[in-house]
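Side chains included, hydrogens not; waters and symmetry mates left out as well; all remaining heavy atoms used. In the text below, chain A, chain B and the rest are named by the order of the sequence lines, each starting its count at 1.
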Amino acid sequence: MNQKAHRYDARFANEIEPRWQKVWAERKTFEQPNPGEPAFDAGKERFYCLDMFPYPSAAGLHVGHPEGYTATDILCRYRRMIGFNVLHPMGWDAFGLPAEQYAIQTGVHPAITTRQAIDNFRRQLQRFGFSYDWSREFGTIDEDYYRWTQWIFLQIYNAWFDELEQRARPIDELVSELEQGHAAIDADGRVLRFDHEEVRDLPEGARMWDRLTAEEQQDAVDANRLAYVGEQTVNWCPKLGTALANEEVIDGRSERGQHPVLRKPLRQWLFRITAYADRLVADLDGLDWPESTKTMQAEWIGRSEGAQIDFPLVSPPPTAPPALRVYTTRPDTIFGATYMVVAPEHPLVDVILERPGKRTDVDALRAYVTEARNRSDIERQENKEKTGVFTGAFCTNPATGATIPVWVADYVLMGYGHGAIMAVPGQDQRDWDFAKAFELPIVRTVQPPADFDGEAYVGEGPAINSEFLDGLEVDHAKRRILDWLEENGIGRRQVNYRLRDWLFSRQRYWGEPFPIVWDDNDRPYAVDASTLPVTLPELEDYAPEESDDPKPLLAKAGDWVRTTAGEAGVAALDPSTPVRRETNTMPGWAGSCWYYLRFCDPRNADRLIGEEAEAYWMGERGVDLYIGGAEHAVLHLLYARFWHKVLFDLGHVRSPEPFRKLFHQGMITSYAYQRDDKTLVPIDQVEEKSEGVYVETATGAEVQRITAKMSKSLKNVVNPDDIIEHYGADTFRLYEMYMGPLADGKPWNTDDTVGLYRFLQRAWRMAVDESTGEVRYADAADGEIEKKLHRTIDKVARDVEKLSFNTAIAAMIEFVNAAQGGVTENQLDRFTRVLAPFAPHVAEEIWSRMGRTECVSDAAWPAIDEAMLKDDEVEIAVQVKGKVKARIRVAADASKEELEKAALATLEGEPNVVKVIVVLGRLVNIVTR
RNA sequence: GCCGGAGUGGCGGAAUUGGCAGACGCGUCGGAUUCAAAAUCCGAUUCCCGCAAGGGAGUGUGGGUUCGAGUCCCACCUCCGGUACCA
């Protein structure tokens, strides 16, 4: 008995793992000093490796979290061993809707539930033995942190975008540009920058600074800030009680909670992200990001080149502009524009309703636009039948001179272009469908190929029915008509984007308050940066009212809202001036837009990031490696790039992009069971009747095994705590990395974890005598084992750099399988270092039993001897017409002639050899007739 | 519909990028150990025919390039992710 008292098992793993975690914490093994601090080693290269920080929920970690975190942990531990300064931080993305909703459900304040969730997440993450520098930990809800989130908001608020220089500049510089006459304010209130000091033709409605009243000057400045208040049709979610950004609405439903979303005009805080559209697209080029993500961002921004064209209105009412302005990417088809369409929200509609034309059916028009404006996005998507009403108005087609009708239809969206189109049914399928439904004329202006039997033709071809364009190919025709439009003052070239300005205010409680107050004239004032943070007030009742009208929850905090300029810290006003605080809060994205900067210098009380820390850790290229899920491809990753670019323009960071290299780990799915009608059966209601045959326990009906996202309803969620209890964290880490390529989606299969557990048992047994617990060494090194060890070290190092952890682990398994007879002390020393990044706890335990006093986590990566990677003799294949017929052993450096001779010698009889192909060190292929 | 990505044993996946398909792990089968079981260890395991030696087929389907194709080209099928009246 007691013969195998020192085996590696779950109990043992659960004993040593917390013990080593404590040692690392006590020795501050993974605390990375900053430049300027005494312990900092300036001679080492930096490696800033960032995980997407988690949103701590009450449910705790799921198995998807540790996937990316284990990957970065292995890479960081490896990079430390080869001599990098490694910045590998962790924190909490803790403001946002889900925490507030959970708090409403439980009746406990979100500050309390969020802190509990953070504590639980920290406990779970630490149990994995991740090498985070926990001294840099923070949460976005910490006052020390969101103070700077508010500070950055003020930076954006106090900036404008100079179109001429294509960059953000401080707002003071706008005022001086205007004062010096280098800019004017156009009819829409936007800045008009001049590329010459001399002002030539001021466009209609534009005015110079000195022609504006003081109030108009103030309005003009406010209207040009990068953060501004605007009236916009927004996505309003009654269930969540807040407006949402475009990016947060998926198929007409809220990204969080899948509640229906309506369109509603609201006054909201917006970020002028559209000003950066060009740079956000162009700078994707230099990034080492997955192509799919770059494509998604580029498509989301949706740059298109076309023209804006004015179609004069026929006898317009005096309150209407003289022409209807449209955007088109196909100006070459203008001769085929047989009617116009405006969106239901288009201002012309209201003008017409006030002063209807002779042909206007006022009741029908009013009924249509009222219904269309109230229709939810979901309803819009469900019914794509073309509907619309004739407005009674007419335009002149400036190319043909023809009078054409103006319709209103909901297939034209107010939010894109000018909310109006010229309809060319011959070359646009949507216009074709509409023209067919309402019997409008169709004129083709591009000649389709002879065999074309479709409806609208969108391909290449010569122009027809287009006067001076006839015969020109599409590209040429476009250039020609654009020149004509510009010469005649009818239209001009225009670049358009699908991207809209970012709606930044939420009517929720659990978020950063805006550092803004309003005076009695409803004019906004910034809170002085020195008085930040504007802290979130306590609120007794933060439950939302389900409502069609936005009521920011903070409005309930009356004493907090009503204050004075002096108390609020607004230096621009007399201290006694009564003001109201902004009651909207920032969206959950705010905190994650810049957390990677704060990790570089998390305790800096004077700046959001110290200059020295910023220069070293971020430098000119930004974060070296960022790993996280692909679900953030256009949300967080676009917003963070935008904030970063503003900070870059204003001189706070020196890298134009925040994340040089990005990698998405694949989703871990789980098995699920499906009935013949495709409905899913919870996993605990299914049993395996025979091999590969699964039946529903209750009915005995056969079900199919499929893979699906883990979800509570399918009862196929795997809890990491259970796996650790059963096998230990080292086994868990190895299993997740061994499942398959990091980037791929992979099904979780708990049965497979035992393979990695056995690997650790064998590795342990290779090193330790299981009856005594002492390390054991072979007396002399076996030549083959030594060779294999060199190859293993080499392979693991290469694979880790490629993030190919599954093959790295396979190589270690092969080594341990081959070395069950035992290894020398020196060999064990090297193997333990190789194992350490993957299974750090068991590696430390072996290391310490070898008598080492330092941590293996602090050891250097073992060196290899290149000569040991080569074989003296290799086996090569002999093929006849591509089929392997024999294998021969030859010297590794055998010449082409030697190989050919040896290969031909294996052939029997008298083959008719036509040709022999020799691939050195690999194979010989003999071609016979 | 459009844009990405992927289809390899019973399962998860390897394959130095055009050079011996199936590394490694799970499972299964056989054996050892055990009073027995668990655990562990050893061996076998792509499929088909065959007692065997051996033979044949084989990387979603069909075609092509090549001495040679999982890998390259063309057409198609299926699955996953994204997106959708963006003029």
Between the main-chain N or O of A/A743 and the side-chain N or O of A/Q665, is there a donor-acceptor pair closer than 3.5 Å?
no

OP1 or OP2 of B/rU40 less than 4.0 angstrom from a side-chain nitrogen or oxygen of A/R758, does that happen here?
yes

For A/P290, report the nucleic acid contact type (base, sugar-phosphate, nothing); a contact means any heavy atom under 4.0 Å.
nothing

Rounded to the nearest 0.5 Å, what's the gap from NE2 on A/H346 to CG on A/L413? Could you check?
12.5 Å

Could you check which of B/rA87, B/rG82, B/rC26 has an atom nearest any side-chain atom of A/M296?
B/rG82

Regarding A/D332 and A/R330, does a basic nitrogen lie under 4.0 Å from an acidic carboxylate oxygen?
yes

Just to be sure I understand the rule, does A/R303 reach a base, reach only the sugar-phosphate, or reach nothing, if contact means heavy atoms closer than 4.0 Å?
nothing

Using a cut-off of 4.0 Å on non-hydrogen atoms, how would the nucleic acid contact of A/G417 be classed: base, sugar-phosphate, or nothing?
nothing

Within the 4.0 Å heavy-atom criterion, would you say A/N806 contacts the bases, only the backbone, or no part of the nucleic acid?
sugar-phosphate

With a 4.0 Å cut-off on heavy atoms, is A/V634 in touch with a base, just the backbone sugar-phosphate, or nothing at all?
nothing

Please determine if a side-chain N or O atom of A/Q761 lies less than 4.0 Å away from the OP1 or OP2 oxygen of B/rU40.
yes

Would you say the base of B/rU16 and the side-chain of A/R922 have a donor-acceptor pair closer than 3.5 Å?
yes

Closest to the side chain of A/T328, out of B/rG25, B/rG27, B/rA87, is B/rA87

Nearest listed nucleotide, side chain of A/T329, among B/rA84, B/rA87, B/rC24
B/rA87

For the C1' atoms, the ones on B/rG18 and on B/rG68, what distance do you get once it is rounded to whole angstrom?
8 Å

Atom CZ of A/F311 and atom C1' of B/rA87 are separated, to the nearest Å, by 12 Å

Name all residues meeting the side-chain hydrogen bond (donor to acceptor under 3.5 Å, both in side chains) criterion together with A/T329; count only those two or more places apart in sequence or in a different chain, and write none if there are none.
none

Looking only at side-chain atoms of A/L923, point me to the closest of B/rA87, B/rC85, B/rG19.
B/rG19

Is A/N817 touching bases, backbone alone, or none of the nucleic acid, heavy atoms closer than 4.0 Å?
sugar-phosphate

Just checking A/I813: base, sugar-phosphate only, or nothing, at a heavy-atom cut-off of under 4.0 Å?
sugar-phosphate

Among B/rG12, B/rC3, B/rA84, which nucleotide has an atom closest to any side-chain atom of A/R498?
B/rA84

B/rU17 glycosidic torsion: syn (within 90° of 0) vs anti:
syn

When the nearest nucleotide of RNA chain B is assigned to A/T753 and to A/P747 on a heavy-atom basis, which residue is associated with the more 5' position?
A/P747

Does A/R765 make a side-chain N or O approach to OP1 or OP2 of B/rC41 shorter than 4.0 Å?
yes

Can you tell me the distance, in whole Å, between the OH atom of A/Y416 and the P atom of B/rA84?
14 Å

Just checking, any donor-acceptor pair under 3.5 angstrom between side chains of A/T274 and A/D501?
yes

If you look at every strand shown and take non-hydrogen atoms under 4.0 Å, does A/E299 touch a base, only sugar-phosphate, or nothing?
sugar-phosphate

Phosphate oxygens OP1/OP2 of B/rA87: is one of them under 4.0 Å from a side-chain N or O of A/S304?
yes

Anti or syn, where syn is a glycosidic angle within 90° of 0; which label fits B/rG55?
anti

A/E455 CD to B/rG1 P, in whole Å, measures 16 Å

Can you work out whether A/N925 or A/V754 has the more 5'-proximal nearest nucleotide on RNA chain B?
A/V754

Can you tell me if A/R762 touches the phosphate of B/rG25, counting only side-chain N or O atoms and a distance under 4.0 Å to OP1 or OP2?
yes

B/rA15, B/rC67, B/rG13: which one has an atom nearest the side-chain heavy atoms of A/T807?
B/rA15

Interatomic distance where NE2 belongs to A/H632 and P belongs to B/rG82 [whole Å]:
13 Å

Do A/T295 and A/S292 get their side chains close enough for a donor-acceptor pair, meaning under 3.5 Å?
no

Looking at A/R791 and A/D794, is any side-chain nitrogen of the basic one under 4.0 Å from a carboxylate oxygen of the acidic one?
no

